[in-house]
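What follows is a single structure, written as structure tokens, with notes after it.
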Amino acid sequence: MTKIRKFTAGLPLSRRQATGAMLAAALALPFAGIAHAQSFPERPIRLVVPFAPGGTNDSVARIIAESAQGILGVPVVIENQPGGASNTGTAHVAEAEPDGYTLLIQSDTLTTNPIVYSNAGYDALTSFEPIAMVARVPVVLAVRKDLEVETIEDFVKLVRERPGEITVGTPSVGGGNHLTGLLFRDKMGLDWVDVPYPGAGPAVTDLVGGHVDAMWSMAASLMAHQESGAIRVLAVSTPERSPLLPDVPTVAETTELKDFAVENWQGIFAPAGTPRAVIEKLSEAIVAAAKDPVAQERLQGLGMQPAGSGPDVLRAQIESSLPRWKEVVEANDITVQ
Amino acid sequence: MEDLFSNVALGLTTAMSLTNLLYCFVGVLLGTAVGILPGLGPLATIALLLPLTFGMSPTSALIMLSGIFYGSQYGGSTTAILIKLPGEAAAAVTAIDGHEMARNGRAGAALATAAIGSFFAGTVATLLIVLVAPPLASFALSFGPPEYFSLVVLGLIFSVTLAHGSPTKALAMTFLGILVGTIGRDIYTGEYRYTFGLSLLEDGVELTGLAIAVFGLAEILRNLETPAEQRPVIAKVNSLFPTRQDIRRAGLPVVRGTFLGSILGVLPGAGAIIASFASYSLEKRLSSRREEFGHGAIEGVAGPESANNAAAQTSFIPMLTLGVPGNAIMAVMLGALLIQGITPGPTFISANPELFWGVIASMWLGNLMLLVLNLPLIGIWVKILTIPYRHLVPIILGVCTVGTYSIGLHAADLYIMAAVGLIGYVLLRWGCEPAPLVLGFVLGPLMEEYLRRSLIISRGDPTVFFQRPISAVLLLLALLAVVAMVSPRLRRKRAEIIVEGES
């Protein structure tokens, strides 16, 4: 099914992709596809991390690779391909041989980048086959410890009283955290000052130091500071409360935005056109790897909610967030040529 | 006080266990190796080894990973001194006088000074962590965008003193560095600047690659322009160790470098590179032998090398006591701890005394190991200089190429390296030195980032830089530096010095 849909969807295949696909089809013809899938994997699998070593994405990749290689029986080698706001590595996998030996780990950035960047080099839905979602990551609103608000309602009230004065740190312009904040701001009709940073790290430092008033961020970056009281998390963006922060209310339950639901995630992908049998095998192995108790404990340590969901959940997540982000990006004109 | 002794005792017992000693040794050994190899830096090494630490105890893991980090600060100076190829970005400034010392046959003294200075700095910085980690950490947090901006302005003004030739040319090179630094994606809008539609420029120019090109490659080209028989022979290595006079001259710079590095290391984002540049500028200002700088002044090695090692060590303070990583390496270390289920922060020390004090004690032991490891190696390193240049050049080029490629695994970086190396050579021929360019490159983007962020937060009000006391003091110092530089009396003195230097 997947295969038919892919080739009839009229997607703009690059010349290289098209030649590659034809070549692959011609080569595959004499062999039985099933035999290939049964013997998969026969050699090490590359897992491309489109970010520099040391980031959240990279840490998750290393945790999953560690537990997946035991299940798959071949080494899973991490390859960092940072650059172009993660577009370089992501587009590289989109164009890789679809044989299951080149995989990608990405977050919601996979969805947002093609909307923000005109030259992203891939399509979030048609360039990849989703394999598994390994973690769910709530986005939270946090404030500096001495800002005089107790709840998200107080925060909204404060922003309304002092329009254009409250400063909100943005980990990365056009990223999921930024867009979540903008979505909330637009829906509530608020006016605050966005303060961009080159990543979550320095933004969190300034929030802890009290140099900005608030910040929308993946929970992972803020968990430790919430525990120590250096900042205060007011709300989580997910439809239900997060098991990571059971005492923190959701945006939906505390404001008039009853359908507000944003969730970031970490997922594994293969290039489009990877044989279905290979996808199934990989999906089974990676879901099992993500459900491994040791891996789950490590993911929780990073402030992630371990997940082990198959391709359908991951695809549905991307499909549902695409139109929402498109609207936010267009309304705020943050596209990059 | 009693507490302190029992804490230190606890730390030493933890760090001296056979396993931890072994991990510490592995860490510093790896660190020295990646420090020597240009390109492959501690960040990549630590990230690669992260999964290996999952199975270790958190204490052993952190001991090994931190050993890699400060070990690389030792190793970085070796190639900088011997072949003017900074193994680490923080060693770029060491290449200026360190390599000149090597050309004068004093490579041994330079390497020994770097190692001993680093050891002293490491020891003092470790003591500082023991004594005043929490107050230093809160000092770091009081640095907001305006304070950083003013600090960077001060640093840029000092950069002019980095050159030993014409101040005008130094200024021009600083500006060139700032311009090169703006290439890439603008963090405030996400737009690309000066990329000319080339995807290889989208992420900007990489610092280590730039330093390799303008120092290492340009130096090779300059050496090659004279035929082999006329080339000034590198003076015979007379002594492997510093003379008594060397030690007298290096003493105070080591102390000042340690102090400067310890302070700058605590500030998130400033770090070892700025510390080494700042120390060099400071030593040059204070020295009575200013004319020797750029021609093999031992102060120019002693100060910066102590500063970058001290900064490497104190950059642990905000990470451990606040959970705030000051640089990418600390962010990876923080990740390593979080994965182990340990949360750094204000309660970290009391909740994990064995871990905290064990790691601190291991830092001192590791520094000792590095000293013991590095001093005997000097005899081997200086032998490199006896290799005929026609054999050495291909080796250096090979190391440059592998090093630059290993940074991001992009072939495009090699084209950039070749082009920048050529430009660096032309500039060198015109008497423009690379050091101010590198400093402008490091500080320019930071200045822009903090200036824009300060103004965004103050909603466009520029008085914010004078209203905040730390920022105001830093700007005042910058102003004084400018006045000192342009005041006619000093300018005349400076001109005399330049004439002397050129004759």
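All chains are named by letter (A, B, ...) in the order of the sequence lines, taking the proteins before the strands, and each is independently numbered beginning at 1.
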- Message: Given heavy-atom pairs under 4.5 angstrom as the criterion, report whether the side chain, backbone, both or neither of A/Asp213 touches chain B.
- Response: neither
- Under 4.5 Å to a heavy atom of chain A? For B/Leu337 that would be neither
- So, the part of A/Leu299 with a heavy atom under 4.5 Å from chain B: the answer is neither
- Item | Smallest separation among heavy atoms of A/Val173 and B/Arg185, with atom names | O-NH2, 3.6 Å
- Task: Heavy-atom distances under 4.5 Å only: say whether A/Pro198 touches chain B with side chain, backbone, both or neither.
- Result: both
- Task: Carefully, step by step, assess A/His211 and B/Phe143 under the rule side chain to side chain contact (heavy atoms under 4.5 Å, CB included).
- Result: CA-CA 9 Å; A/His211 305 292; B/Phe143 263 65; 5.7 Å; no
- Query: So which of A/Gly201, A/Ala65, A/Gly84 has the largest heavy-atom pair count under 4.5 angstrom toward chain B?
  - Reply: A/Gly84
- Task: Find out whether A/Ser172 and B/Ile187 are in side-chain contact, i.e. whether some heavy atom of one side chain is under 4.5 Å from a heavy atom of the other.
- Result: no
- Item | Residue A/Gln300 versus chain B: region with a heavy atom under 4.5 Å | neither
- Output the option from B/Met330, B/Met333, B/Arg453, B/Glu449 having the highest count of non-hydrogen pairs under 4.5 Å with chain A. B/Arg453
- Query: With respect to chain A, which residue among B/Leu141, B/Ile46, B/Val332 yields the maximal number of heavy-atom pairs within a distance under 4.5 Å?
  - Reply: B/Leu141
- Report yes if the side chains of A/Tyr117 and B/Tyr192 come closer than 4.5 Å at any heavy-atom pair, otherwise no. yes
- Task: Could you pull out the closest heavy-atom pair between B/Ile457 and A/Val212, with the gap in Å?
- Result: CD1-CG1, 3.8 Å
- Task: Tell me, for A/Val208 versus chain B, whether the close heavy atoms (under 4.5 Å) come from the side chain, the backbone, both or neither.
- Result: both
- Task: Begin with the C-alpha distance, continue with both residues' side-chain angles, and end with the deciding distance and a verdict on side chain to side chain contact (heavy atoms under 4.5 Å, CB included) for A/Thr167 and B/Arg459.
- Result: CA-CA 10 Å; A/Thr167 51; B/Arg459 284 166 296 280; 4.1 Å; yes
- Item | A/Glu297 atom CD: more than 12 heavy-atom contacts under 6.0 Å | no
- Message: Only pairs of heavy atoms separated by less than 4.5 Å count here; which of A/Ala85, A/Ala230, A/Gly229, A/Gly210 has the most with chain B?
- Response: A/Ala85
- Return the option, out of A/Gly199, A/Gly209, A/Gly174, A/Ser59, with the maximum number of heavy-atom pairs under 4.5 Å with chain B. A/Gly209
- Interchain contact, A/Thr170 with chain B, by part (heavy-atom threshold 4.5 Å): neither
